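Remember, it's a predicted structure, so these values are computed and weren't measured experimentally.
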Amino acid sequence: MPELPEVEAVVRTLRPLVLGKRIRCVHVFHHIATKPQAASLLARHAQGRRIRVVERKGKYVLLVLDRGLLTVHFKLDGQLLWFADGKELLQRANQGETRVHVDVVLELDKGVLGFADRRHFGRVHVWESAEACPGLRMLGLDALSADFTVARFTELLASSKRRLKDFLLDQSHVAGLGNIYSCESLWHARFDPRRRGNTLSPQEARRLHKAIVSVLARALECCLHPAPDFRDPAWWFQGLENILRAYGREGRPCWRCGEPIQRIAQGGRSTYCCGHCQK
């Protein structure tokens with residue numbers, strides 16, 4: 001699942017392609033991609049609008065229009081695609097042996113932006129404002145924003161009895177972290193993911209804050225080199241496995257102490273940690 005670094009890399013790559021462009025036409029090939037909104041709603045409110053801002057909130061991509069905005073959430077496997085023009089779209093989208101799966105298309109005055117998710121978990125929605133979107137309203141501090149300060153993070157932890165891993169995954173506390181980078185942040189900070197948030201001292205909270213910011217910054221750098229290639233449907237971020245210290249490394253030696261990394265179940269998800277040096 002794309003988390004904050006992956007989505008931020010997508011936004012930075014997408015911005016120069018679509019900023020200032022007008023949405024000439026909207027095509028919804030698979031209506032599930034806009035549910036529970038009607039596909040006609042997306043077309044009616046986005047068509048003819050100009051893209052004024054391209055930004056990220058948590059794991060959402062936001063296309064702010066001259067009136068209203070579009071939100072894109074990739075969920076597990078969603079991705080953006082780029083076609084030179086409508087002719088290329090017709091040749092490649094959803095037909096033929098070399099077809100490219102496409103769910104939603106925005107034909108711009110130059111270029112065509114597509115959204116695709118073969119598993120149909122991802123969504124494209126239209127809103128009158130950011131405040132009208134429930135998902136955006138509930139987001140907490142963005143983990144790469146200036147608002148994500150040590151002081152504010154310490155306050156949130158002190159008021160929470162939840163286990164650290166569950167706390168970090170709660171988007172209403174810290175927006176953008178997912179299973180991968182929460183595991184990595186806890187490994188770098190040396191905290192047991194099952195520890196309660198309100199048991200951390202201010203010094204320990206500072207250590208976890210530093211780990212989160214550092215892990216996300218390093219992952220973002222990796223996600224931008226090379227940058228996302230929207231023209232290649234098979235493209236995915238390269239080299240992330242080289243920077244992971246805990247996630248997906250069950251049974252392999254901890255980079256710090258040499259003991260095997262463990263996989264434990266938390267909230268229906270796998271958590272990876274070192275039982276020896278994470279306390």
Side-chain angles (χ1 to χ4, degrees), residues 1-21 23 26-30 32-34 51 53-63 70-108 110-125 143-144 176-181 183-184 215-244 247-249:
M1 175 185 289
E3 299 182 27
L4 186 154
E6 290 86 357
V7 179
E8 179 67 22
V10 165
V11 165
R12 294 189 186 187
T13 306
L14 177 66
R15 188 175 288 126
L17 288 174
V18 303
L19 189 62
K21 301 292 195 304
I23 302 173
V26 176
H27 305 283
V28 180
F29 297 123
H30 302 115
I32 193 172
T34 69
I51 300 171
V53 177
V54 182
E55 60 183 355
R56 178 195 55 78
K57 297 288 185 184
K59 302 176 190 177
Y60 286 89
V61 175
L62 272 62
L63 301 181
L70 301 179
T71 59
V72 178
H73 200 298
F74 298 117
K75 295 294 185 178
L76 297 177
D77 296 316
Q79 64 180 132
L80 296 182
L81 302 169
W82 185 259
F83 304 93
D85 49 34
K87 181 179 180 180
E88 183 188 2
L89 172 70
L90 291 174
Q91 290 173 342
R92 300 181 63 198
N94 303 322
Q95 58 183 343
E97 294 183 1
T98 59
R99 65 182 179 274
V100 176
H101 179 89
V102 185
D103 294 314
V104 178
V105 162
L106 305 179
E107 280 198 56
L108 309 176
K110 185 177 181 181
V112 177
L113 179 65
F115 170 81
D117 185 351
R118 289 182 177 275
R119 298 174 70 182
H120 291 147
F121 291 121
R123 292 292 185 267
V124 180
H125 289 144
L144 281 186
L177 285 173
N179 204 32
I180 296 175
Y181 300 118
C183 288
E184 290 298 299
V215 164
L216 293 178
R218 188 178 183 193
L220 175 58
E221 185 71 17
C222 186
C223 290
L224 287 170
H225 297 92
D229 183 358
F230 303 139
R231 294 191 60 83
D232 181 4
W235 188 91
W236 189 245
F237 298 96
Q238 305 296 313
L240 285 170
E241 66 279 359
N242 297 325
I243 68 171
L244 299 181
Y247 185 84
R249 302 189 71 248

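- Judged purely by atom type and a 3.5 angstrom limit, E184 has no side-chain atom pairing as donor or acceptor with the backbone of V215.
- Here the shortest heavy-atom pairing between V100 and F83 reads CG1-CZ, 4.5 Å.
- Here the side chains of R12 and L220 are in contact, with some heavy-atom distance below 4.5 Å.
- The shortest distance between side-chain heavy atoms of L63 and V54 falls below 4.5 Å.
- H30 has its ring centre less than 6.0 Å from the ring centre of H101.
- Taking CG of L17 as the start and NZ of K110 as the end, the distance is 10.0 Å to the nearest 0.5 Å.
- Residues L106 and V124 fail the side-chain proximity criterion, which asks for heavy atoms closer than 4.5 Å.
- Considering only heavy atoms from C-beta on, L108 comes within 4.5 Å of I51 through its side chain.
- Side-chain atoms of R118 never come within 3.5 Å of backbone atoms of H120 as a donor-acceptor pair (strictly under, hydrogens ignored).
- L144 has its side chain within reach of R56: a pair of non-hydrogen atoms, C-beta onward, lies under 4.5 Å apart.
- For the pair V102 and F115, the minimum side-chain heavy-atom distance is 4.5 Å or more.
- In this structure, Q79 and D77 have side chains that are not in contact, with every pair of non-hydrogen atoms separated by 4.5 Å or more.
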Table please: side-chain donor-acceptor pairs of residues 224-234 below 3.5 Å, with sequence neighbours left out.
from: H225; atom 1: ND1; to: E221; atom 2: O; distance (Å): 2.9
from: H225; atom 1: ND1; to: E221; atom 2: OE2; distance (Å): 3.4
from: D229; atom 1: OD1; to: R231; atom 2: N; distance (Å): 3.1
from: R231; atom 1: NH2; to: E88; atom 2: OE1; distance (Å): 3.4
from: R231; atom 1: NH2; to: E88; atom 2: OE2; distance (Å): 3.0
from: D232; atom 1: OD1; to: A234; atom 2: N; distance (Å): 3.0

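- For the atom pair CE (M1) and CD1 (I180), the distance works out to 9.5 Å, reported to the nearest 0.5 Å.
- For the pair T71/H73, no side-chain contact is recorded, criterion being any heavy-atom separation below 4.5 Å from C-beta on.
- The aromatic rings of F237 and W235 stand perpendicular to each other, their planes meeting at an angle above 60°, with 30° marking the opposite boundary.
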